[in-house]
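First the structure, in the form of structure tokens, and then the observations on it.
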Amino acid sequence: MYINGEFIESQTKEWIELRNPATQEIVSRVPQSTPEELKEASRVAQDAFKTWKKTSLLSRQRKLLDLQLAIRENMDRIATSIVTEQGKTFKDAQGDVLRGLQVVEHACGITDYMKGELLNVSKDMDTYTIKEPLGVTAGIAPFNFPAMIPLWMFPLSIACGNTCIIKPSERDPGAMMILAELAEQVGIPKGVLNVVHGSVDTVNFLCDDPNIKAISFVGSDHAGKYIYNRGSANGKRVQANLGAKNHGVIMPDADKNHVLNQLTGAAFGAAGQRCMALSTAIFVGKSKEWLPELVERAQKLKVTGGFEPDADLGPLITVQAKERVESLIQSGVDEGANLVLDGRGIRVPKYENGNFVGPTILSDVKTNMRCYKEEIFGPVLVCLNVDTTEEAIDIINKNPYGNGTAIFTRSGSVARLFQEEIDVGQVGINVPIPVPLPMFSFTGSRGSIIGDLNFYGKSGLQFYTSIKTVTSLWRSEDAEAGLSSVNMPTMN
Ligand code: NAD
């Protein structure tokens, strides 16, 4: 753990084995932090808050500038940890770090974002706003982006003057431990950033501990709803990004080559373990004739260990995840879909024990099938056919999730109609994975988020601060004798 600026061995007796998903070799053992250790992390974070909130904005900005440089210089080291623990390809792991780094770079602009508003509301009377940090904040992260998602959380939180406790995923906490080491190297003061480990017991502590004022969560629906309910019942602010089912609509007038390349990358990249993976294709009209070529391109992807230079996709995170994905593929077959590409049973030379599933495509899928209704989180593309854009929009709007969607077309009018009618928070037009850069926010909607405030961007900043308004009156006449009023001030 990283508590109060020190790397500490847990005294726990409960350890979680962490295996390399490409080989099953044990990489490390992750402690279930003990109640005493968790209390200590909270105590030091609360203590550090007293001084950190008073640190000047410029010195907080300086620490973030130094941190972004340190992350850039250590990008490959962090990526190596990600490939070893999580399994994605090395290039994709560098992307994981880079997308998180962009949030740190953005957080360096904190001197601008903390500005308030001032209005002269009446004669001699001003109302102005002050953005204040909340106190101790907590972050609970998923396994699929071990660097990016913790970096959505703690840099902005501490830039605002909060202190932070991060619980990385127990399945791949290595990247967060390197980030803590870098935070220590650049002189982020003791107690400002802390890292604890474990699973449900640690989560329960973070939801219940009175020092913690806000929780940022990213992960599955089940855990997110639980954390939202438990955290908010304890009076905490909670932002929770949940699961997804993202649809790509392929219009017959689209650029075929662009569609096939983008769809292949977005459906199968990271072995489909991205919340913004384009996991569902809706072919409109004649575009369904491109399916055989899509199958050909998907077949060409190289499935192997993430460190192999030609790897396109690596293994799934655990044996259980592989079994679940395979059973969802089978459910599609059993319910009448056509398995036009089957990635089950793939043999990967040098990595015979890895949790691999190759690119898989199910066509003629219907919306009542399990493979359509559930988030698969594997390299599986489910394909539906419709005749009109309206039907495609209707299917997407009826799906409970609203993380991302994309339309591929050459028609500006169709794109415009889609943008207006679609009830999904992040829309791509000829862009398969429309994750906004941090000058915007991550705006998944409906079933993909609980809580009102999004991650990063202006919304993220709002999440990590509260606004105080001050109304002040300095009346020059009061320097002389005046009459006091007993009426409700109307400020007229
Ligand atoms: P997960 O919910 O299993 O784990 C996330 C965190 O919650 C972990 O730190 C874990 O320890 C904790 N947790 C797990 N089960 C819990 C429980 N029963 N009670 C309390 N805490 C619990 O999620 P995951 O498998 O690590 O990540 C994959 C999921 O995350 C997918 O559903 C994916 O769509 C989602 N995700 C969403 C976004 C987004 O921005 N919408 C981004 C990335 C991942």
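Counting starts at 1 for both ligands and their atoms, in listed order. A quick note: this is a predicted structure, and the numbers were derived from the prediction, not measured.
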Taking [X] first and then [Y], would you say they form a salt bridge - that is, a charged N and a carboxylate O separated by under 4.0 Å?
X	Y	result
Lys398	Asp423	no
Arg171	Glu17	no
Lys190	Glu6	yes
Arg43	Glu40	yes
Glu374	Arg324	yes
Lys39	Glu37	no

Backbone, side chain, both or neither: what part of [X] comes under 4.0 angstrom of ligand 1, heavy atoms only?
X	value
Phe145	neither
Leu242	backbone
Arg274	neither
Tyr401	neither
Thr202	neither
Phe455	neither

Quick one: which ligand 1 atoms are inside 4.0 Å of a heavy atom on [X]?
X	value
Trp152	40 (O)
Phe442	40 (O)
His222	18 (N)
Val203	20 (C), 21 (N)
Ile149	42 (C), 43 (C)

Polar contact flag for [X] and ligand 1 (N/O pairs, less than 3.5 Å):
X	value
Glu375	yes
Ile140	no
Lys167	yes
Ser169	no
Asn144	no
Ser199	no
Ala141	yes
Phe143	yes
Glu170	yes

Take atom [atom1] in [X]; do more than 12 heavy atoms of anything else shown fall under 6.0 Å from it?
X	atom1	result
Glu9	CD	no
Glu352	CD	yes
Lys91	NZ	no

| said: Give me the atom names and distance for the closest heavy-atom approach of Val340 to Ser363. | reply: CG1-OG, 3.7 Å
| Are the side chains of Ile317 and Glu85 in touch, meaning some heavy atoms are under 4.5 Å apart? |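 Not touching, per the 4.5 Å side-chain cut-off.
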| task | To the nearest 0.5 Å, tell me how far Asp334 CG sits from Arg370 CZ. | result | 10.0 Å
| request: Hey, could you give me the CG/CD1 distance between Leu67 and Ile71, rounded to the nearest 0.5 Å? | output: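 Going from CG on Leu67 over to CD1 on Ile71, the span is 4.0 Å.
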Taking [atom] as the reference point, the nearest protein heavy atom with its distance:
atom	value
atom 35 (C) of ligand 1	Gly219 O, 3.2 Å
atom 1 (P) of ligand 1	Ser220 OG, 3.6 Å
atom 28 (C) of ligand 1	Phe377 CE2, 3.6 Å
atom 40 (O) of ligand 1	Asn241 ND2, 3.0 Å
atom 19 (N) of ligand 1	Val200 CG2, 3.7 Å
atom 22 (C) of ligand 1	Ala223 CB, 3.6 Å
atom 25 (O) of ligand 1	Arg171 NH2, 3.1 Å
atom 36 (N) of ligand 1	Cys275 CB, 3.5 Å

Ring centers of [X], [Y] separated by less than 6.0 Å:
X	Y	value
Phe440	His106	no
Phe442	Phe455	no
Tyr401	His247	no

| field | side chain to side chain donor-acceptor pair (under 3.5 Å) partners of residues 192-219, not counting sequence neighbours, each pair once | value |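 Applying side chain to side chain donor-acceptor pair (under 3.5 Å) to every pair that reaches into residues 192-219, excluding sequence neighbours, yields Gln32-Thr202, Ser42-Asp209, Ser42-Asn211, Asn204-Tyr226, Asn204-Arg230, Asp208-Arg230, Asp208-Asn234, Ser216-Gln239, Ser216-Tyr464.
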| query | Who's closest to atom 4 (O) of ligand 1 heavy-atom-wise, of Gly139, Gly243, Pro142? | reply |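 The nearest heavy atom belongs to Pro142.
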